[in-house]
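As the structure is a computational prediction, the values presented were derived from the model and not from experiment.
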Amino acid sequence: MSMLIDAIRDGMAKTENPATHYLGELLTAWTIAHPGSDTTEVGDKTLDAAMDKMRDKASKEQKNGRAVFSDADGMRIALEYFGIKEDAPPAPKHDALDLDALLGM
């Protein structure tokens, strides 16, 4: 049996896939924001398998060979895979472009 934080760290160490690293970073931030979650038992579950669950969900929802979902939806899928029933975390905040300020309005 392994803990959530171990599964995240091991998954990130075993791959160079940037998407897997991004998911690992999001899950790491989530565990920091949720004290005690890092010790959640996840059994043999892996970060790569969480990515597979996200891919499976995207393939079911795809239209014309394409599917997109938000970071929050991806996190929800990954957390559910790891057995954590949690509301979707907020999407990461990105610097917003203030069009009004840019246009002098």
Next on the checklist: Quick one, Asp10 with Leu47, criterion side-chain contact (heavy atoms from CB on, under 4.5 Å). Give me CA distance, side-chain angles, the key distance, then yes/no.
Outcome noted: CA-CA 8 Å; Asp10 290 349; Leu47 194 57; over 6 Å; no
Item to check | Basic-acidic side-chain contact under 4.0 Å: Arg55, Asp52 | outcome: yes
Checklist entry - Glu61 and Ala67: which non-hydrogen atoms are nearest, and at how many Å? => result C-CB, 4.3 Å
Item to check | Atom of Ala19, atom of Asn17 and distance for their closest heavy-atom approach | outcome: N-OD1, 2.7 Å
Next on the checklist: Side chains of Asp71 and Tyr22 only: does a donor on one sit below 3.5 Å from an acceptor on the other?
Outcome noted: yes
Item to check | Smallest separation among heavy atoms of Val42 and Ala7, with atom names | outcome: CG2-CB, 3.9 Å
Item to check | Taking every non-hydrogen atom, the tightest pair across Gln62 and Gly65 | outcome: OE1-N, 2.6 Å
Checklist entry - About how many Å separate OG of Ser70 and CZ of Arg76, when rounded to the nearest 0.5 Å? => result 7.0 Å
Checklist entry - Is there a donor-acceptor contact under 3.5 Å from the side chain of Tyr81 to the main chain of Met54? => result no
Item to check | Flag, side chain of Thr15 to backbone of Met12, donor-acceptor distance under 3.5 Å | outcome: no
Checklist entry - Rounded to the nearest 0.5 Å, how far apart are NZ of Lys53 and CD1 of Ile77? => result 10.5 Å
Item to check | Taking every non-hydrogen atom, the tightest pair across Met51 and Leu23 | outcome: SD-CD2, 3.5 Å
Item to check | Euclidean distance, Leu27 CG relative to Ile5 CD1, rounded to 0.5 Å | outcome: 8.5 Å
Item to check | Gap between atom CG of Asp73 and atom NZ of Lys57 - 0.5 Å precision | outcome: 8.0 Å
Next on the checklist: When you compare the side chain of Thr31 with that of Leu4, does any pair of heavy atoms fall below 4.5 Å?
Outcome noted: yes
Checklist outcome for this item: Closest non-hydrogen atoms of Ile84 and Trp30, given as atom of the first, atom of the second and distance, are CG2-CH2, 3.6 Å
